Amino acid sequence: MKLKKVLLALLASTALFSGCKKNLSSVEFTRELGLGYNWGNTMEAWGTGQLETGWGAPISTKEMFEDLKARGFDTIRLPVAWSFRMADDNTIYEPLAKRVNEIVDMAIDSGMYVILNIHWDGGWINDPRYGFTKNWNKCMKKYTDIWTQICERYKDYDNHLIFESLNEEGAFDNVWNRYAASRGPNTKTAYDILNKINQKFVDIVRASGSNNEDRYLLIAGYGTDIDLTIEPEFVMPVDKKKHCMISVHYYTPSDFAILTENASWGKNRRTWGTEEDLALLKKNMNKMKTAFHDKGIGVIVGEYGCPVLNKEPESVRKYLTEVATEAYDLGFCPVLWGGSVDIYSRRNLCFDDPAIGDMYLALSKKAR
């Protein structure tokens, strides 16, 4: 009986991996990803002595991913700080790599897709003192070394695993200040840095062979900002496989989606959902449809969300519902930002607000 159970498990695993479609277009594959959830504040808990639990997250278990899968989520985005305890020669700390691998396997074995990225990671990518704008060769060597190691580790994984070039760090304000400076020659210079990084990312993955030759890749837009990413200076990398998707994040309006108290740049907004709010959301999502989706490039909203602290609960529900629905209905994959303790409770395996969980399950069933 024990042998029979083992054989059945192996057959189920084989069916999962062989069932992953390889020849879908970028847009078609994006639709396969369904609804996504960020495994945030976990393997990117920079500045702590211990990743995974350093920012309050519990130890990840397969039960958590199985629960999210049952609640309508098909994709996990796993942020990682690969520089944690990295050796001087850029060798990734093996206990970190091993634990990331275990989490990837748990999610995939639960029937989910996984987006694996380089997250903020100490800020080395766009730090004005020592990042790409100050020491291109050293930074590109580190970037290349990281992705070369990741590619080798996962080269035999099928397309349930997606690689993402960067998080939000692809913006270089010391070259062109996107918040203060008008557009000019420095604008193109700043964009060119990101364009070259993204192209190198694709080249590294494709050259690493095995299943990486066909792997679907997520390309970070400029600062993952919609308005900056649709500008002509941003160029998608050349990929002969045409398996690249574009990533932007959505925290608009920032006074509602980011602030929990008044700040120097804005006043905390407690409510959301006016006609003007809904119109702005639709306008922003349609910008990505026109610029990318309609041209055959899948769109992933790699992060979106809002705090619950100092917000009207009904506005939180409405914001998450409308953003997810608008993106999903356009054929995008919306990936909710979930930190270590907010929105969804990993410890209790439930949404803190049941109405939000009900909304996601209903939305996921639209295509099932």
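All values below were derived from every heavy atom in this structure, side-chain atoms included, with hydrogens, water molecules and symmetry-related copies excluded. Everything numeric here is computed off the predicted structure, so don't read it as measured data.
- Annotation: side chain to side chain donor-acceptor pair (under 3.5 Å) contacts of Asn348 (sequence neighbours excluded): Ser345.
- Note: Tyr344 and Phe351 have perpendicular aromatic rings, judged against thresholds of 30 and 60 degrees for the angle between ring planes.
- With sequence neighbours excluded, no residue satisfies ring pair (Phe, Tyr, Trp, His ring centres under 6.0 Å) with Phe84.
- Of the charged side-chain nitrogens involved, none lies within less than 4.0 Å of a carboxylate oxygen, so that Arg31 and Glu28 do not count as a salt-bridged pair.
- Scanning both residues, Phe65 and Thr61, for their nearest heavy atoms gives CD1-O, 3.4 Å.
- At a threshold of 4.0 Å, the pair Asp192-Lys196 does not count as salt-bridged, since none of the basic side-chain nitrogens sits closer than that to a carboxylate oxygen.
- Aromatic ring centroids of Phe29 and Tyr113 lie under 6.0 Å apart.
- In plain terms, the two heavy atoms of Asp145 and Asp89 that are nearest each other are OD2-O, 3.9 Å.
- In Glu314, the CD atom is crowded: over 12 heavy atoms of neighbouring residues, nucleotides or ligands sit closer than 6.0 Å.
- For the pair Asp277 and Arg269, the salt-bridge criterion is met [side-chain N within less than 4.0 Å of a carboxylate O].
- The side chain to side chain donor-acceptor pair (under 3.5 Å) search around Asn174 returns Thr133, not counting sequence neighbours.
- Sorted by first then second residue, the side-chain hydrogen bond (donor to acceptor under 3.5 Å, both in side chains) pairs that include residues 288-312, not counting sequence neighbours, are Arg77-Glu303, Tyr251-Glu303, Asn268-Lys311, Lys289-Asp294, Tyr304-Tyr360, Glu312-Ser315.
- Counting all heavy atoms, side chain and backbone alike, Pro79 lies closest to Asn117 at CA-OD1, 3.1 Å.
- At most 12 non-hydrogen atoms from other residues, nucleotides or ligands lie less than 6.0 angstrom from NZ of Lys134.
- In this view, Lys138 satisfies the side chain to side chain donor-acceptor pair (under 3.5 Å) rule with no residue, not counting sequence neighbours.
- Open room surrounds NZ on Lys200; 12 or fewer heavy atoms of other groups in view lie less than 6.0 Å from it.
- Put simply, the residue from Arg346, Glu52, His119 that forms a side-chain hydrogen bond (donor to acceptor under 3.5 Å, both in side chains) with Thr42 is Arg346.
- Salt bridge status for Glu213 with Lys241: absent, with no side-chain N to carboxylate O gap under 4.0 Å.
- Ion pairing between Arg153 and Glu94 holds under the 4.0 Å rule for side-chain N and carboxylate O.
- Under the rule for a side chain to side chain donor-acceptor pair (under 3.5 Å), the partners of Asp353 that lie at least two apart in sequence or sit in another chain are Arg317.
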